[in-house]
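Reckoned from all heavy atoms, side chains included, excluding hydrogens, waters and symmetry mates.
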Amino acid sequence: MSIEFLISVLENVDNPAKVNRYNAANIVLAQPELIKYLVHITFDIDNKLSIKAAWVLEWICTHNGIKHITPFLTIFTENISKVHFDSAVRPCAKICEHLATAFTSRTTNKIKEQLTEVDIDLIIETGFDWLITDQKIAVKAYTMSTLYLFGLQKDWVHPELEHLIRTKVIHESKGCEARGNKILGLIEKYKKQL
C-alpha cells in the first residue's frame, strides 16, 4: 500500500470520534507498512492532515501497543517539538506518556531496549517547552506524568518539574491544578523512598 492510500483513509476521518480513529487505525494495522507513512504525515507539520495522522497514531499506540512506534522512535522524538497544531500536539503528548510508562515499567519491552538517552532528552526538553507555553490542559497533564516518570531516571527533572508546577502550572486551570497536585504528591513520595 502507498502513502496515497493512507491519505485517502485520513481524508475520510471527519472528526476525532472514537469510531473514526478506530476504523482508520484498523486499516493501518491491517497493512503495517502504512505506519511508516502515518508517522511521516504526522510530522508534515504544516499540513492539516497531520492532525488526523496524529489522532490515528495515538489511537494505535494507546489501544494496540506502543510497540508499533518502536521502529520510528528517532523520527518521533526528533520531530515532536516542531508539531504546532493543538489537535496534533495532544496525541503526541499522549504518546510521550506511553513511552515514559513503557520505559519505566518493571517488565522488559521493546521501548526499554530501543529508547535512547538522546530520545529521552528530546522528550524531556519538548515536555518542559509544552509546560511553559500556551497548551491545552490534556497536553500539560500528559506531560507532567511523562516528566515525572523520566525524572525517576534523571534526578534533575523532578526539581525543575516541581518548581514549574508550583509557580505556573497549578494556577492555569482546575484540571492543571488537580494533575499538578497529584504529580507533586508522587514526587514527595519518591523523595521519601530515597
Side-chain angles (χ1 to χ4, degrees), residues 2-4 6-11 13 15-16 20-21 24-25 28 32-62 64-103 110-111 114-151 153-154 156-157 160-161 164 168-169 172 176 179:
S2 67
I3 195 166
E4 290 78 18
L6 179 60
I7 288 170
S8 71
V9 169
L10 294 174
E11 285 173 341
V13 175
N15 58 54
N20 294 333
R21 291 179 290 149
V28 171
E33 68 275 11
L34 292 176
I35 295 174
K36 165 180 66 175
Y37 300 128
L38 189 64
V39 172
H40 173 75
I41 295 169
T42 296
F43 295 115
D44 184 6
I45 58 166
D46 293 323
N47 180 347
K48 291 274 190 182
L49 208 54
S50 69
I51 296 168
K52 294 178 180 185
W55 293 343
V56 175
L57 184 62
E58 184 258 322
W59 182 274
I60 289 170
C61 292
T62 298
N64 302 98
I66 192 69
K67 66 186 179 289
H68 291 287
I69 202 168
T70 306
F72 313 104
L73 284 173
T74 301
I75 295 167
F76 181 83
T77 60
E78 287 179 352
N79 288 285
I80 51 172
S81 64
K82 299 171 189 166
V83 175
H84 58 88
F85 293 130
D86 286 344
S87 295
V89 173
R90 190 210 60 77
C92 288
K94 180 69 172 172
I95 292 169
C96 288
E97 184 183 49
H98 289 316
L99 289 170
T101 301
F103 188 79
K110 288 184 182 269
I111 299 302
Q114 296 186 20
L115 194 68
T116 67
E117 287 297 314
V118 172
D119 293 329
I120 292 168
D121 289 343
L122 289 168
I123 293 170
I124 290 170
E125 180 182 331
T126 302
F128 277 117
D129 285 346
W130 285 339
L131 284 184
I132 62 173
T133 56
D134 184 27
Q135 300 293 340
K136 302 288 185 194
I137 294 169
V139 171
K140 294 197 179 217
Y142 298 144
T143 299
M144 284 186 272
S145 296
T146 299
L147 293 173
Y148 167 75
L149 291 168
F150 282 133
Q153 311 287 323
K154 295 185 174 277
W156 66 270
V157 173
E160 295 293 323
L161 177 58
L164 259 180
K168 181 180 183 342
V169 178
E172 293 178 3
C176 285
R179 179 62 65 97

- prompt: Are Gln135 and Val89 close enough, and set up right, to give a side chain to side chain contact (heavy atoms under 4.5 Å, CB included), and what steps lead you there?
  reply: CA-CA 8 Å; Gln135 300 293 340; Val89 173; 3.6 Å; yes
For the student: nearest non-hydrogen atoms of [X] and [Y], plus distance:
{"X": "Pro91", "Y": "Ala54", "result": "CB-O, 3.4 Å"}
{"X": "Ala93", "Y": "Tyr142", "result": "O-CB, 3.7 Å"}
{"X": "Cys92", "Y": "Phe76", "result": "O-CZ, 3.7 Å"}
{"X": "Trp55", "Y": "Ser87", "result": "NE1-O, 3.3 Å"}
{"X": "Leu10", "Y": "Val56", "result": "CD2-CG2, 3.9 Å"}
{"X": "Gly65", "Y": "His68", "result": "O-CD2, 3.1 Å"}

task: Answer yes or no: does atom NE2 of His40 have more than 12 heavy-atom neighbours from other residues, nucleotides or ligands under 6.0 Å?
output: no
All salt bridge (Lys or Arg N to Asp or Glu O under 4.0 Å) counterparts of [X], not counting sequence neighbours:
{"X": "Glu11", "answer": "none"}
{"X": "Glu172", "answer": "Lys140, Lys168"}
{"X": "Lys36", "answer": "none"}

By side chain to side chain contact (heavy atoms under 4.5 Å, CB included) - contacts of [X] (at least two apart):
{"X": "Asp134", "value": "none"}
{"X": "Val169", "value": "Leu131, Met144, Cys176"}
{"X": "Thr101", "value": "Glu97, Leu149"}

task: Walk me through it: do Phe128 and Thr143 pass the test side chain to side chain contact (heavy atoms under 4.5 Å, CB included)?
output: CA-CA 8 Å; Phe128 277 117; Thr143 299; over 6 Å; no
message: Pairing donors with acceptors under 3.5 angstrom, does anything connect the side chains of Glu58 and Thr62?
response: yes
message: I'd like to check Asn64 versus Trp59 (side-chain heavy atoms, cut-off strictly below 4.5 Å). Are they in contact?
response: yes
Set of side-chain hydrogen bond (donor to acceptor under 3.5 Å, both in side chains) partners for [X], sequence neighbours left out:
{"X": "Lys82", "result": "Asn79"}
{"X": "Arg179", "result": "Ser145"}
{"X": "Thr116", "result": "Asp119"}
{"X": "Asp121", "result": "Lys154"}

query: Which of these, Ile60, Ile35, Leu99, sits in a side-chain contact (heavy atoms from CB on, under 4.5 Å) with Ile69?
result: Leu99
Interatomic distance, [X] atom [atom1] to [Y] atom [atom2] [nearest 0.5 angstrom]:
{"X": "Ile124", "Y": "Phe150", "atom1": "CD1", "atom2": "CZ", "value": "6.5 Å"}
{"X": "Lys94", "Y": "Leu57", "atom1": "NZ", "atom2": "CG", "value": "13.5 Å"}
{"X": "Glu125", "Y": "Leu147", "atom1": "CD", "atom2": "CG", "value": "11.5 Å"}
{"X": "Thr146", "Y": "Tyr148", "atom1": "OG1", "atom2": "OH", "value": "13.0 Å"}

Determine all donor-acceptor pairs shorter than 3.5 Å in which one atom belongs to a side chain in residues 41-52; sequence neighbours excluded.
| residue | atom | partner | partner atom | Å |
| --- | --- | --- | --- | --- |
| Thr42 | OG1 | Leu38 | O | 2.8 |
| Asp44 | OD2 | Asn47 | ND2 | 3.2 |
| Asp46 | OD1 | His84 | NE2 | 2.8 |
| Asn47 | OD1 | Leu49 | N | 2.8 |
| Ser50 | OG | Asn47 | O | 2.7 |
| Lys52 | NZ | Val13 | O | 2.7 |

query: Quick one: ring pair (Phe, Tyr, Trp, His ring centres under 6.0 Å) partners of Trp130, sequence neighbours excluded?
result: none
task: Show your reasoning for whether side chain to side chain contact (heavy atoms under 4.5 Å, CB included) applies to Phe103 and Ile123.
output: CA-CA 12 Å; Phe103 188 79; Ile123 293 170; over 6 Å; no
message: I'd like to know whether Cys96 forms a side chain to side chain contact (heavy atoms under 4.5 Å, CB included) with Ile80, so could you lay out the CA-CA distance, the side-chain angles of the two residues, the decisive distance to 0.1 Å, and finally the verdict.
response: CA-CA 9 Å; Cys96 288; Ile80 51 172; 3.7 Å; yes
